[in-house]
Every structure is written in C-alpha cells, then in structure tokens.
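Below: the structure, in structure tokens.
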Number of protein chains: 2
Amino acid sequence: MTRPNLQIALDQDSLEDALGIVKQAGPEVDVVEAGTILQLQEGVKAVRCLRHMFPDKIVVSDTKCADAGGTVAKHSKDAGADWMTMICCATIPTMQAAKKELNDLQVELYGDWTWDQAKKWREIGIDQAVYHQSRDALLAGEVWGEKDLSVVKKLIDMGFKVSVTGGLTVDTLKLFKGVPVFTFIAGRAITGQDDPHAAAKALRDEITKYWG
Amino acid sequence: MTRPNLQIALDQDSLEDALGIVKQAGPEVDVVEAGTILQLQEGVKAVRCLRHMFPDKIVVSDTKCADAGGTVAKHSKDAGADWMTMICCATIPTMQAAKKELNDLQVELYGDWTWDQAKKWREIGIDQAVYHQSRDALLAGEVWGEKDLSVVKKLIDMGFKVSVTGGLTVDTLKLFKGVPVFTFIAGRAITGQDDPHAAAKALRDEITKYWG
C-alpha cells in the first residue's frame with residue numbers, strides 16, 4: 001500500500017503567522033495548503049508565497065470554489081497551485097469550467113452530498129475527494145468512526161484518491177490502518193503546537209509506522 | 001410592495017479595479033458586496049475598503065462560507081460587513097457558529113439543496129437566501145424562467161428575504177414584476193459597462209418603475 005501523503009493546512013489569520021509555521025513544518029510534509037480562512041484574509045498571495053517557498057512540494061489552493069470555476073481556478077493556477085478544492089454543491093458546469101483551467105480538482109464533501117453526485121464527479125474526470133469532518137461538527141462533539149471509514153472506502157472503490165481531514169492527530173491516524181488513504185490533512189495538530197516541525201515529524205513517523 | 005434593494009457584486013481580479021468601479025456606481029446602489037473572487041484574490045481588505053468608502057450602505061462579505069463559520073464570520077464582521085454569505089451545503093452547526101458572530105447570514109443556493117434544508121435554516125433563525133443562477137450555468141445556456149420564479153416565491157412564503165442574482169440586466173428585471181424580491185444583485189450588468197454609474201442608475205430606475 002502506498003504511503004499516504006501528509007498535508008499541512010494553513011488557516012492562520014495572517015500570512016506572517018502562516019509562513020512562520022510552514023517554514024518550520026514544511027520540510028516534513030508532502031503537500032502545503034493555503035487554507036480557506038487564510039486566503040479569505042490575505043488573498044491569493046498566500047498561494048504564491050507557498051509556491052515560492054516550496055518549489056518541489058505540492059501546493060493546494062483551498063478555495064472551496066462554488067461558482068465562477070474558470071476564473072477561480074485560473075487565479076489559483078496562475079499563483080502556482082497544483083490542486084484546488086471545489087465545494088460539493090458546486091454544479092457540474094462549474095466543476096467543468098474549473099477543470100479546464102486547473103486539472104487536479106478536489107471535491108470537498110460537506111453536508112448532504114449524494115453518491116449520485118459522486119458518480120457524476122468521476123464521470124467528468126475528477127479523481128480526488130476530501131472527506132471532511134467539519135470543524136464545527138467536531139466542536140459539536142462528533143468523532144471519527146466506522147461510519148466515516150466506510151464512506152472513505154466506498155469513495156476509494158469508486159476510483160477517488162481520498163484525502164481525509166478534520167481533527168486528525170497522532171492518536172487518530174491509526175483508525176485508518178489498512179485503508180489506502182491518499183493524503184492525511186492536518187491543521188492544528190501541526191500549526192497549533194509549540195514545535196510545528198516536531199509535530200509534523202510525529203505525524204509523518206506515525207504514517208510510516210502503519211503504511212510503510 | 002417594498003422597493004427591492006439594488007446590490008453591486010464586485011468580482012474584479014484586483015482591488016484597484018473594484019474600487020474604481022464602486023466609487024462610480026456605489027452612490028446608486030443600496031448594498032455593496034465584496035465578491036468571492038475579489039476576496040480570494042485580495043483578502044478581507046476588500047471588505048474593509050468598502051466599509052470605509054460607504055459607511056452608510058450595507059456591506060456584504062460574500063465568503064460562501066462552508067466551514068469554520070465562527071472564524072470566517074468574525075473576520076467578516078471585524079472588517080465591517082453587515083451581511084455574510086454561507087454556502088447551502090454548510091452544516092447546521094457551521095451556520096450556527098457563524099450566526100453567533102454575525103447575525104445576518106445569507107444562504108447561497110447552489111446545486112441540489114432541498115426544501116427540508118431550507119426549513120432547517122429558518123428554524124435556526126436564518127432569514128436571508130440568495131437564489132443564484134450560476135455564472136457557469138448561464139454560460140452553459142440556462143436562462144431565468146417560471147421555474148426560478150416559483151422557487152423564489154416559495155422561499156419568500158417560508159419567510160426568507162430573497163436576493164436574486166446571476167445574469168440580471170435591465171431587460172430581465174421585469175420578469176420578477178409582482179414578486180417581493182428583497183434585493184437584486186448585479187455584477188457585470190454594472191461592472192462590465194463603460195459607465196458603471198449610468199448602468200447602476202438604469203437598473204435602479206427600472207426597479208423603481210416596477211416596484212415604486
């Protein structure tokens with residue numbers, strides 16, 4: 001089984017905070033993400049900074065694009081993004097318009113999406129999905145469990161490369177043992193720690209322990 | 001019937017372009033919106049600029065927030081926004097978290113939302129909805145019609161103040177005659193014209209003609 005990627009999600013309020021953290025943790029991760037909060041605060045400059053700081057890593061523009069797919073994707077690509085996120089309730093024409101500009105789209109799964117929709121995303125050639133425990137759902141007390149795992153597995157069976165995110169820690173990664181997760185996305189498990197480099201390394205080591 | 005508001009959606013690629021346009025058109029509108037494209041490009045500074053330029057108008061932060069509702073809403077409010085948009089597939093806990101920070105939320109209706117969801121939004125006290133012809137759907141040839149109007153009317157019957165948007169022009173406003181639309185949102189019908197002030201005034205005059 002391929003070793004899952006480790007992705008750092010940067011959702012700081014300021015570019016300065018985000019760049020200070022990612023300079024430390026970046027060397028331990030495969031993918032660096034300009035999170036939605038950060039982009040809404042600071043703009044696409046956040047993506048450009050990550051591209052310049054980490055020319056050899058995968059850069060994600062987490063726009064959660066819902067409309068004007070062509071424009072948003074072009075902006076993300078021009079800034080250096082390799083991947084861009086789309087919200088699951090975006091229409092198929094919006095996703096197609098985005099895909100023409102930036103091929104590697106990730107559908108972010110929130111709320112009441114359906115398997116029929118997922119089938120349509122595959123049909124238009126989208127091969128990445130992000131299974132998301134909502135931050136607010138986590139705050140409301142929901143946790144990772146068998147229900148989540150079965151959805152992740154079914155998405156993988158449909159041909160999606162699946163990223164998982166939302167409250168992941170060194171302790172919860174093992175819940176996914178045996179599942180060919182494509183990417184683990186960690187936010188505060190890295191960015192909220194005193195030593196972001198050590199925190200990223202601990203996650204990386206845990207991934208290696210279970211996926212080799 | 002109350003006269004509907006006129007809202008300008010600013011979705012330029014740069015703050016300079018957006019501010020140049022809104023300085024001209026702003027005096028003719030009731031509501032000024034920092035669009036998603038603009039905020040993703042330039043950050044929340046766009047909202048702050050609109051607040052300072054138009055202290056007496058309603059300012060909208062069009063984040064299409066999907067997660068981290070509390071944080072995104074706090075940032076929008078701190079920047080001076082009166083209203084903020086949420087994407088319809090955001091979860092109820094996300095909407096509730098946002099509402100604690102910024103009371104006047106607007107749910108943006110994209111894709112396959114349901115009437116059951118709409119009922120839940122009303123139950124948590126959300127009283128604004130944005131009925132959206134997707135830009136990409138318009139590009140794909142879809143047009144305003146009776147189907148759209150019946151949805152708008154049903155939302156109004158449920159107690160929503162409904163904004164409508166997507167390809168509106170001086171010629172299409174009259175399709176809504178007799179419908180108590182809360183706000184007409186115009187983008188390129190104003191921002192894409194040689195004289196944005198005249199374009200905004202023409203829309204305003206057309207609204208007055210049909211709604212008094």
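So that the names make sense, note that chain A is the first sequence line, chain B the second, and so on, each numbered from 1.
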Within 6.0 Å of CG in A:Asp127, more than 12 heavy atoms from elsewhere: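 It does: A:Asp127 CG has more than 12 such atoms within range.
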
More than 12 heavy atoms from other groups under 6.0 Å of CG on A:Asp30: yes

With side chains defined as the heavy atoms from C-beta onward, is the minimum distance between [X] and [Y] less than 4.5 Å?
X: A:Leu40; Y: B:His75; value: no
X: B:Thr36; Y: A:Asp67; value: no
X: A:Ile37; Y: B:Val72; value: yes

Contact class of A:Ile87 relative to chain B, heavy atoms under 4.5 angstrom: side chain

Top contributor to chain A contacts, counting heavy-atom pairs under 4.5 Å, from B:Gln41, B:Gln96, B:Glu42: B:Gln41

Rounded distance (nearest 0.5 Å) linking atom CG of A:Leu109 with atom SG of B:Cys89: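 So the gap between those two atoms works out to 9.5 Å.
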
Distance (rounded to the nearest 0.5 Å) between A:Asp13 CG and B:Thr71 OG1: 7.0 Å

Toward chain A, the part of B:Glu108 with a non-hydrogen atom under 4.5 Å: neither

